[in-house]
Amino acid sequence: MQVNSQHDRAVLNNKVEMPWMGLGVFQAREGGEVERAVHWALEAGYRCIDTASIYGNERGVGRAVRESSVPRERIFITTKVWNSALRNGNVRKAFEASMERLGLEILDLYLIHWPVDIAFVRAWKVLEQLHRSGAVRAIGVSNFQVHHLEALLRSCEITPAVNQVEFHPYLVQPDLHEFCRANGILLQAWSPLMQGHLTQVDALGRLADKYNRTPAQIVLRWDLQHGVAAIPKSVRRERIEQNFQVFDFELSAADMAALDALDRGRRFGPDPDRFSF
Ligand code: NDP
């Protein structure tokens, strides 16, 4: 897998192209904070923004995209349907509300945010309809383990294009990654920077010195060389810019393996088999 330019794209299983790197905006405050972050990201070259209805900042994301000089069709926007809509059977209404807040005609990627019991099978039917109607270019899931995907694949007509999961050197999930690869589902890393804890990982510091990069750039490059898309979050301009400078260097096979070997099944976020929200 060679991703050596910010213009390279991941080709999803329905041929839609998605940027490998996007800006995550979880915990970016609605209004000025998220608008500035999206604006700086687009200036830095990002063409993918990841939000969710539960983040409460879809309006700011939409405003920043509309006010940008980058044409809308060059920007890939993801949002997600929250668990309450799955439980209440209100997925279509939730989608329409997200689109109203974003101020968009068409969405690039709509994800089921969490695998809520078996409600996700019913919700998926609605996502399939949204995709067929042309309202959404690609549909996918988030926080799905292999058994959730197996249950979905048994009944779905459209295979998810993306599975967005927690992924970093402490949580490599080789079985999940292999299952997704075998079924044409692209893995996208949330919390790729370990929610900021990456600065405490000695191996990342050593590789940062070796390659004359930052620990964040090392870990994001590791994602790309694994064929995993990533959505690092920052609301600081210099970090937004720095986190995107990952297309012009290559980690050696030995250094990739050294980072893989840090895996300890450690989550910084909730466990998809044990969440209670
Ligand atoms: P990240 O791993 O992206 O880490 C974000 C934290 O790291 C922030 O505190 C940020 O602070 C800090 N940071 C950013 N850049 C650097 C850097 N270069 N060096 C050191 N620290 C840095 O965590 P997130 O949990 O935010 O995950 C990323 C995105 O993934 C989210 O924003 C969201 O879009 C998505 N996500 C999806 C989930 C899902 O269930 N589908 C769950 C969680 C996240 P600062 O902003 O101050 O720079």
Side-chain angles (χ1 to χ4, degrees), residues 18-30 32-34 36-38 40-41 44 46 48-58 60-61 76-83 86 98 102 108-116 120 139-145 148 160 162-171 173 176 186-201 204-205 207-208 213-223 228-246 266-277:
M18 184 180 87
W20 286 101
M21 287 280 295
L23 179 76
V25 297
F26 178 42
Q27 292 174 324
R29 282 191 298 274
E30 176 63 301
E33 184 170 77
V34 76
R36 279 191 296 278
V38 172
W40 291 329
Y46 290 73
C48 177
I49 311 293
D50 180 86
T51 184
S53 58
I54 196 71
Y55 301 169
N57 56 20
E58 289 173 310
V61 168
F76 190 100
I77 300 172
T78 303
T79 194
K80 316 183 190 88
V81 56
W82 186 240
N83 303 351
L86 267 71
S98 280
L102 286 162
D108 297 288
L109 179 63
Y110 200 40
L111 301 179
I112 292 183
H113 206 147
W114 287 87
V116 176
F120 64 73
I139 52 176
V141 295
S142 178
N143 299 303
F144 274 45
Q145 308 273 50
H148 298 120
V162 169
N163 186 16
Q164 185 185 106
V165 299
E166 183 175 349
F167 182 88
H168 44 67
Y170 280 179
L171 188 68
Q173 308 183 79
L176 177 63
L186 184 79
L187 211 67
Q188 188 177 46
W190 65 253
S191 293
L193 308 179
M194 305 160 118
Q195 300 180 1
H197 295 281
L198 82 173
T199 50
Q200 296 152 19
V201 180
L204 285 173
L207 291 179
R213 297 282 167 158
T214 65
Q217 290 169 330
I218 297 293
V219 80
L220 293 168
R221 184 67 211 174
W222 173 80
D223 288 333
V228 173
I231 43 171
K233 175 264 178 183
S234 181
V235 292
R236 303 190 206 192
R237 184 171 202 162
E238 68 284 4
R239 284 178 170 177
I240 290 171
E241 291 171 354
Q242 177 205 111
N243 294 346
F244 198 66
Q245 304 302 315
V246 291
R266 162 95 197 268
R267 293 182 185 279
F268 293 95
D271 185 332
D273 283 322
R274 281 187 200 89
F275 66 100
S276 57
F277 44 83

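Counting starts at 1 for both ligands and their atoms, following the listed order.
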Among non-hydrogen protein atoms, atom 16 (C) of ligand 1 lies closest to Arg239 CD, 3.5 Å
Side chain, backbone, both or neither: which applies to Asn143 and ligand 1 if a contact is any heavy-atom pair less than 4.0 Å apart?
side chain
Indicate yes or no: does Lys80 engage Asp50 in a salt bridge with an N to O separation below 4.0 Å.
yes
With a 6.0 Å cut-off on the ring centroids, do Trp114 and Phe275 count as close?
yes
Answer side chain, backbone, both or neither: which part of Asn243 comes under 4.0 Å from ligand 1, heavy atoms only.
side chain
Numbered atoms of ligand 1 (with element) below 4.0 Å of Gln164, judged on heavy atoms:
37 (C), 38 (C), 39 (C), 41 (N)
Give me the residue, atom name and distance of the protein heavy atom closest to atom 33 (C) of ligand 1.
Tyr55 OH, 3.4 Å
For Gln145 and Asp273, does a side-chain donor sit closer than 3.5 Å to a side-chain acceptor?
yes
Would you say the side-chain atoms of Asn57 and Glu33 include a donor-acceptor pair closer than 3.5 Å?
no
Evaluate side chain to side chain contact (heavy atoms under 4.5 Å, CB included) for Leu109 paired with Leu111, printing each intermediate quantity in order.
CA-CA 7 Å; Leu109 179 63; Leu111 301 179; 3.7 Å; yes
Under 4.0 Å, heavy-atom basis, I'd like to know which part of Phe268 is in contact with ligand 1: side chain, backbone, both or neither.
neither
Less than 4.5 Å apart, side chain to side chain, heavy atoms only: is that true for Cys48 and Leu23?
no
Where the side chain of Glu166 meets the backbone of Gly269, is there a donor-acceptor pair that is under 3.5 Å apart?
yes
Taking atom 48 (O) of ligand 1 as the reference point, the nearest protein heavy atom with its distance
Ser234 OG, 2.6 Å
Is it the side chain (CB and beyond), the backbone, both or neither of Met194 that lies under 4.0 Å from ligand 1, heavy atoms counted?
backbone
Subset of ligand 1 atoms that lie under 4.0 Å from at least one heavy atom of Trp114
40 (O)
Need the ligand 1 atom indices (1-based, order shown) with element for anything under 4.0 Å from a heavy-atom of Pro192.
2 (O), 3 (O), 28 (C)
Minimum-distance protein heavy atom relative to atom 14 (C) of ligand 1
Lys233 O, 3.0 Å
Between His197 and Phe268, what is the ring plane arrangement, given parallel below 30°, perpendicular above 60°, and tilted in between?
parallel
Using distance alone, decide if ligand 1 has a nitrogen or oxygen within less than 3.5 Å of any nitrogen or oxygen in Val25.
yes
Can any side-chain N or O of Gln188 pair as donor or acceptor with the backbone N or O of Val228 at less than 3.5 Å?
no
Atom CZ of Arg237: over 12 foreign heavy atoms under 6.0 Å:
yes
Heavy-atom contacts with His113 under 4.0 Å: which atoms of ligand 1 show up? List them by number with element.
39 (C), 40 (O), 41 (N)
Assert yes or no for the condition that the ring centre distance of Trp20 to Phe76 is strictly below 6.0 Å.
no
Using heavy atoms and a threshold below 4.0 Å, how should the contact between Ala28 and ligand 1 be classified: side chain, backbone, both, or neither?
neither
Between the side chains of Thr51 and Glu58, is a donor N or O closer than 3.5 angstrom to an acceptor N or O?
no
Ligand-residue contact atoms, ligand 1 with Pro232, heavy atoms, under 4.0 Å
3 (O)
Within 4.0 Å of some non-hydrogen atom of Phe26, the atoms of ligand 1 are 31 (C), 32 (O), 33 (C), 34 (O)
For the residue pair Glu30 and Gly56, what are the closest heavy atoms and their distance?
CB-O, 3.1 Å
Proximity of Ala216 to ligand 1 by residue part, where a heavy atom lies under 4.0 Å
side chain
Please state which protein non-hydrogen atom is closest to atom 2 (O) of ligand 1 and give its distance, to 0.1 Å?
Leu193 N, 2.7 Å
Check: Phe277 ring centroid to Trp82 ring centroid under 6.0 Å
yes
Please state which part of Ser142 comes within less than 4.0 Å of ligand 1, counting heavy atoms only: side chain, backbone, both or neither.
side chain
Starting from atom 29 (C) of ligand 1, what is the nearest protein heavy atom, named by residue and atom, and what distance separates them?
Ile231 O, 3.1 Å
Using a strict 4.0 Å cut-off to heavy atoms of Gly196, name the atoms of ligand 1 that fall inside it.
4 (O), 6 (C), 7 (O)
Look at atom 4 (O) of ligand 1 and say which protein heavy atom is nearest, naming residue and atom and giving the distance to 0.1 Å.
Gln195 CA, 3.3 Å
Enumerated ligand 1 atoms positioned under 4.0 Å from heavy atoms of Asp50
33 (C), 34 (O), 35 (C)
Protein heavy-atom partner closest to atom 43 (C) of ligand 1 - residue, atom, separation in Å
Trp190 CE3, 3.2 Å
